[in-house]
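The next block holds one structure in the form of structure tokens; read it before the comments.
Here is how names work: the chains are called A, B, and so on, in the same order as the sequence lines, proteins then strands, and each is numbered from 1.
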Protein chains: 2
Amino acid sequence: MKRYAQWLEDANLKKTETRLKILQILDQEHAFLSADDIHQRLLKELPKVPISTVYRVLEALTQHALVSSVNVDHKKEMLFELAHEHHAHHLICLTCHQVIHIEECPVESLERSMLTKYGFKIESHSLEFYGHCKTCQEHR
Amino acid sequence: MKRYAQWLEDANLKKTETRLKILQILDQEHAFLSADDIHQRLLKELPKVPISTVYRVLEALTQHALVSSVNVDHKKEMLFELAHEHHAHHLICLTCHQVIHIEECPVESLERSMLTKYGFKIESHSLEFYGHCKTCQEHR
DNA sequence: TTTTTAAATGCAATTGATTGGCATTTATCC
DNA sequence: GGATAAATGCCAATCAATTGCATTTAAAAA
């Protein structure tokens, strides 16, 4: 728990029990969890935390870069995980929905190697860039 | 309108006015629209179509590969566009939210060229692969 | 052309995820 | 320990999407 307290301190966030536990849950799972998943696990230890608090904690942790969130195509809820220092991509199984982290920053031509290396058969992929377009860069 | 009727016919879908108009809207916009965006535009021509019908039409069109849908990170609604034959990626402006289609299948190392070519300054990107993991492939 | 019928629609209520207001509690600073 | 701003609990509201059911309609059959 010390570690998590330190993370919060480094991020200038108050050390509350809920935040500590949520960090612990995310650290243990080491995978993407929905707000509801996190809430379920949290209730085992802190039986009366409402899910609105979970959302607020996740928002704070995300804003301070301790947590990162993604929208996986065709799932409507946001998913959360501990932020990695190095950015990562994911192999998302259409059948069992497991999420496999990969460290390569891959392209289409790597699909074959994903099959060899992970036995993962890619059906499709999405790649999106986020940033600022020319016009918006000029106007600020 | 003939064209759209043909598309529906090729997909074995009944030619209804709502479907024709929605195809037209998507074709004219040539960009990602939310169900609500589409509904707004549709109401100008067919003033009493409920949004539930829009969702049902979009679902049918998507299932028959006339339309494709994406979840853009940090936007909670689904976005829809006419399906392209060739798969495409997008540059999504964090400021004005415009979506620019690109035909290259790009990688990290292409970020510089995006800046040169489109004046788009990439802040981050996401790349997700969808498919079937080893275990799930074996069990069916 | 009329009849038949399965599919599509309209309408209203519902769900599921997320957010917000406001009173109360708590971590941190002094 | 006391003051203060931030975090939480509670509960209602919102927003996107879905569903049940009665009605209408496109397209196939007669």
Side-chain angles (χ1 to χ4, degrees), chain A residues 1-2 4-23 25 32-43 45-64 66-67 69-80 97, chain B residues 1-2 4-23 32-43 45-64 66-80 97:
Chain A
M1 237 32 176
K2 260 301 176 31
Y4 310 126
Q6 187 62 49
W7 297 357
L8 291 173
E9 191 161 328
D10 294 345
N12 277 314
L13 286 170
K14 285 190 186 175
K15 292 161 218 146
T16 68
E17 198 168 13
T18 309
R19 287 174 176 174
L20 289 168
K21 291 282 184 214
I22 288 180
L23 283 172
I25 288 166
F32 281 108
L33 295 176
S34 68
D36 191 61
D37 292 334
I38 294 166
H39 188 220
Q40 295 309 319
R41 285 165 176 73
L42 191 60
L43 288 178
E45 309 199 48
L46 305 175
K48 61 191 190 340
V49 177
I51 197 160
S52 58
T53 294
V54 174
Y55 277 107
R56 282 190 279 223
V57 166
L58 288 170
E59 196 198 345
L61 297 178
T62 300
Q63 251 163 11
H64 290 78
L66 290 173
V67 162
S69 63
V70 293
N71 254 138
V72 170
D73 253 18
H74 308 111
K75 297 201 75 175
K76 62 178 171 189
E77 351 89 271
M78 215 71 174
L79 299 180
F80 302 86
H97 306 110
Chain B
M1 238 29 179
K2 260 298 177 30
Y4 310 127
Q6 187 61 50
W7 297 357
L8 290 173
E9 190 162 330
D10 293 345
N12 278 314
L13 286 170
K14 285 189 185 176
K15 291 159 217 148
T16 68
E17 198 168 13
T18 309
R19 286 174 177 174
L20 289 167
K21 290 282 184 215
I22 288 179
L23 283 173
F32 280 108
L33 295 176
S34 67
D36 190 61
D37 292 335
I38 294 166
H39 189 222
Q40 294 309 318
R41 285 165 175 74
L42 190 60
L43 287 179
E45 310 200 49
L46 305 175
K48 60 189 193 342
V49 178
I51 196 159
S52 57
T53 294
V54 174
Y55 278 109
R56 282 190 278 223
V57 167
L58 289 170
E59 197 198 343
L61 297 178
T62 301
Q63 252 164 11
H64 290 78
L66 291 174
V67 162
S68 66
S69 64
V70 293
N71 254 138
V72 171
D73 254 18
H74 308 111
K75 297 201 75 176
K76 63 178 171 187
E77 353 87 272
M78 216 68 176
L79 299 180
F80 302 86
H97 306 111

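Using a 4.5 Å heavy-atom threshold, the side chains of B/Arg41 and B/Ile22 count as separate. Side-chain contact check for A/Leu58 versus A/Phe80: some heavy-atom pair is nearer than 4.5 Å. Contact check for A/Lys21 versus A/Leu46: side-chain heavy atoms found under the 4.5 Å cut-off. Inter-residue side-chain proximity for B/Leu13 and B/Leu61 is flagged as met; some heavy-atom pair is nearer than 4.5 Å. Looking only at side-chain heavy atoms (C-beta outward), A/Val70 and A/Met78 stay at 4.5 Å or farther from each other. A 4.5 Å side-chain heavy-atom check between A/Ile51 and A/Ile38 finds every atom pair outside the cut-off.
The distance between atom CG of B/Asn12 and atom P of C/dA8, rounded to the nearest whole Å, is 11 Å. The nearest whole Å value for the distance from the NZ atom in B/Lys15 to the C1' atom in D/dA27 is 9 Å. Residue A/Asp37 contributes atom CG, which lies 14 Å from atom C1' of C/dG16 at whole-angstrom precision. Summarising the geometry, the separation between CG on B/Leu8 and P on C/dA8 is reported as 10 Å, rounded to the nearest angstrom. Atom-to-atom, CD of A/Gln40 to P of C/dA17 comes out at 11 Å; the value is rounded to the nearest Å. Atom C1' of nucleotide C/dA17 and atom CG of A/Asn71 are separated by 11 Å, given to the nearest angstrom. The distance between atom NZ of A/Lys48 and atom P of D/dC11, rounded to the nearest whole Å, is 13 Å. Here the P atom of nucleotide C/dT18 and the CD1 atom of A/Ile38 are 10 Å apart, to the nearest Å.
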Protein N or O to nucleotides 17-23 of chain D N or O, pairs below 3.5 Å:
unit_1 : atom_1 : unit_2  : atom_2 : d
D/dA17 : OP1    : B/Met78 : N      : 2.8
D/dA17 : OP2    : B/Tyr55 : OH     : 2.3
D/dA17 : O5'    : B/Tyr55 : OH     : 3.3
D/dG20 : O6     : B/Arg56 : NH1    : 3.3

Could you pull out the protein-nucleic contacts involving nucleotides 4-6 of chain D (nitrogen or oxygen on both sides, under 3.5 Å)?
unit_1 : atom_1 : unit_2  : atom_2 : d
D/dA6  : O4'    : A/Lys14 : NZ     : 3.2

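For A/Pro50, counting side-chain heavy atoms from C-beta on, the closest listed nucleotide (C/dA27, C/dA8, D/dC10) is D/dC10.
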Verdict with supporting geometry, B/Leu8 and B/Lys14, side chain to side chain contact (heavy atoms under 4.5 Å, CB included): CA-CA 7 Å; B/Leu8 290 173; B/Lys14 285 189 185 176; over 6 Å; no
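Taking every heavy atom of both residues into account, A/Ala11 and A/Leu66 meet most closely at CB-CD1, 4.1 Å. Contact between A/Asn71 and B/Lys75 at its shortest, heavy atoms only, is OD1-O, 3.3 Å. The minimum heavy-atom distance linking B/Arg19 with B/Ala60 is given by the pair NH2-CB, 4.1 Å.
Expressed to the nearest 0.5 Å, how far NE2 of B/His39 lies from CG of B/Leu33 amounts to 13.5 Å.
End-to-end axis angle of the helix from C/dT1-D/dA30 to C/dC30-D/dG1, using five pairs per end and rounding to 10°, comes to 30°.
At the phosphate of D/dA7, neither OP1 nor OP2 sits under 4.0 Å from any side-chain N or O atom of A/Thr18. Residue B/Thr53 places no side-chain N or O under 4.0 Å from the OP1 or OP2 atom of C/dA8.
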